[in-house]
*Asks:* 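Please read through the structure below; I'll follow up with questions.
All heavy atoms count here, side chains included; hydrogens, waters and symmetry mates do not. Starting from 1, each residue takes its place in the sequence as its number. Just follow the structure's listing: the first ligand is 1, and inside any ligand the first atom is 1. All figures in this text were calculated on a predicted structure; none of them were measured in a lab.
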Amino acid sequence: MLSNTSSLEPTAPLTQQAFKEALMAKGQFYHLHHPFQQAMAKGELSRAQLQGWVANRFYYQLMIPQKDAALLANCPDAAVRRQWVQRLLDHDGDQDDEGGIEAWIALGQAVGLTREELVAQEHVLPGVRFAVDAYLNFVRQASWEEAAISSLTELFAPEAHQSRLDTWPTHYPWIDEQGYRYFRKRLSEARRDVDHGLEIALEVCTTAARQARSLEILQFKLDVLWSMLDAMTLAYQLDRPPYHTVTNKRVYHRGLGTRSLKGALNEA
Ligand SMILES: O=C(O)c1cc(C(=O)O)c2c(n1)C(=O)C(=O)c1cc(C(=O)O)[nH]c1-2
């Protein structure tokens, strides 16, 4: 029954300040609070578990610039593109900067992985791949504004990077100092990115419906990050990697992206 007409009246939007606070409140679900990252910060991870995290997170690092390129492709506003393109360079590098992907490889080497095994993606668990791909596919299909909002988990990332810089040298003294380049680099980059991302969110989300949608998008992104760590927990903490009942070999696929398809076709 639609007798209660008040339910048909549009809800008033939150003020900009209240909306910003609602976005910030989502920080309670950030992956910093996942048991895997909590164990990491307490120094409870073994070398193999830490290597597993670095190797799996590398897939996220690889997809971030592809995700940003997809956003750029969907954005008709040159002024936004001019600012956003910096994110691509942050990860891919340019003449003056090695870039985040290269810095993450240095982190991998600092924890005892080789460049080759990182690049081959041989450790990337299917659950991690699916979660990261869901993010990339969302951005490909969403409007550029929605895509920008999905990057807002970065609001909470500097705390995660800082926590690693603060706790790892004490707990994991065997990690080479060169490994910390990535986290240091991201501290300032992430702060700049969220200023821009927030600016877009506040400008676009002027109705209650848009604000509600944004909070859903942010939750989706939090789910991506949390699910990645769930997959790592199963594999590295609970010793239940995929197919563990059948084999102790890594039989899972290495990604069915177009690049590997082209590679396979070229070989034929
Ligand atoms: O280590 C972390 O906890 C963490 C989290 C996130 C995030 O919240 O998505 C990013 C990063 N790091 C990061 O380094 C990074 O470059 C980055 C880009 C993005 C994005 O969604 O565009 N998130 C993140």
*Asks:* Of the protein's non-hydrogen atoms, which lies at the shortest distance from atom 21 (O) of ligand 1, and what is that distance?
*Replies:* Y135 OH, 2.5 Å

*Asks:* Within ligand 1, which atoms have a heavy atom of H91 less than 4.0 Å away?
*Replies:* 16 (O)

*Asks:* In terms of residue, atom name and distance, what is the protein heavy atom nearest to atom 10 (C) of ligand 1?
*Replies:* Y60 CE2, 3.9 Å

*Asks:* Using a 4.0 Å heavy-atom cut-off, say whether T153 meets ligand 1 through its side chain, its backbone, both or neither.
*Replies:* both

*Asks:* Look only at interatomic distance and state if R57 has a nitrogen or oxygen under 3.5 Å from any nitrogen or oxygen of ligand 1.
*Replies:* yes

*Asks:* Return each pair, listed once, that meets ring pair (Phe, Tyr, Trp, His ring centres under 6.0 Å) where at least one residue sits in residues 194-225; pairs must be two or more places apart or across chains.
*Replies:* W84-H196, F138-F220

*Asks:* Numbering the atoms of ligand 1 from 1, which are under 4.0 Å from a heavy atom of A160?
*Replies:* 3 (O)

*Asks:* Do F183 and L107 have side-chain heavy atoms sitting under 4.5 Å apart?
*Replies:* yes

*Asks:* May I ask you to check if ligand 1 and K67 share an N or O to N or O distance below 3.5 Å?
*Replies:* yes

*Asks:* Counting only heavy atoms, which portion of F156 has something under 4.0 Å from ligand 1: side chain, backbone, both, or neither?
*Replies:* neither

*Asks:* Which ligand 1 atoms are under 4.0 Å away from a heavy-atom of K221?
*Replies:* 9 (O), 20 (C), 21 (O)

*Asks:* Give the contacting part of K185 toward ligand 1: side chain, backbone, both or neither, where contact means a heavy-atom distance below 4.0 Å.
*Replies:* neither

*Asks:* I'd like to check which ligand 1 atoms, numbered from 1 as shown, lie under 4.0 Å from a non-hydrogen atom of R186.
*Replies:* 13 (C), 14 (O), 15 (C), 16 (O)

*Asks:* For H31, enumerate each residue passing the ring pair (Phe, Tyr, Trp, His ring centres under 6.0 Å) test, keeping only those at least two apart in sequence or located in another chain.
*Replies:* none

*Asks:* CD/E44 to OG/S46 distance, rounded to the nearest 0.5 angstrom?
*Replies:* 11.5 Å

*Asks:* Please indicate whether any nitrogen or oxygen in R87 is less than 3.5 Å from any nitrogen or oxygen in ligand 1.
*Replies:* no

*Asks:* List ligand 1 atoms under 4.0 Å from Y30, heavy atoms only on the residue side.
*Replies:* 3 (O), 4 (C), 5 (C), 6 (C), 7 (C), 8 (O)

*Asks:* Using a heavy-atom cut-off of under 4.0 Å, does the side chain or the backbone of S151 touch ligand 1, or both, or neither?
*Replies:* both

*Asks:* Can a salt bridge be assigned to the pair R191 and E154 using a cut-off of 4.0 Å between side-chain N and carboxylate O?
*Replies:* no

*Asks:* Could you list which atoms of ligand 1 come closer than 4.0 Å to a heavy atom of L225?
*Replies:* 7 (C), 8 (O), 9 (O)

*Asks:* Run the contact test for F183 against ligand 1 with a 4.0 Å cut-off on heavy atoms, strictly below, and give the result.
*Replies:* no

*Asks:* State the atoms of ligand 1, each with its element, that fall below the 4.0 Å cut-off from a heavy-atom position in Y182.
*Replies:* 13 (C), 14 (O), 15 (C), 16 (O)

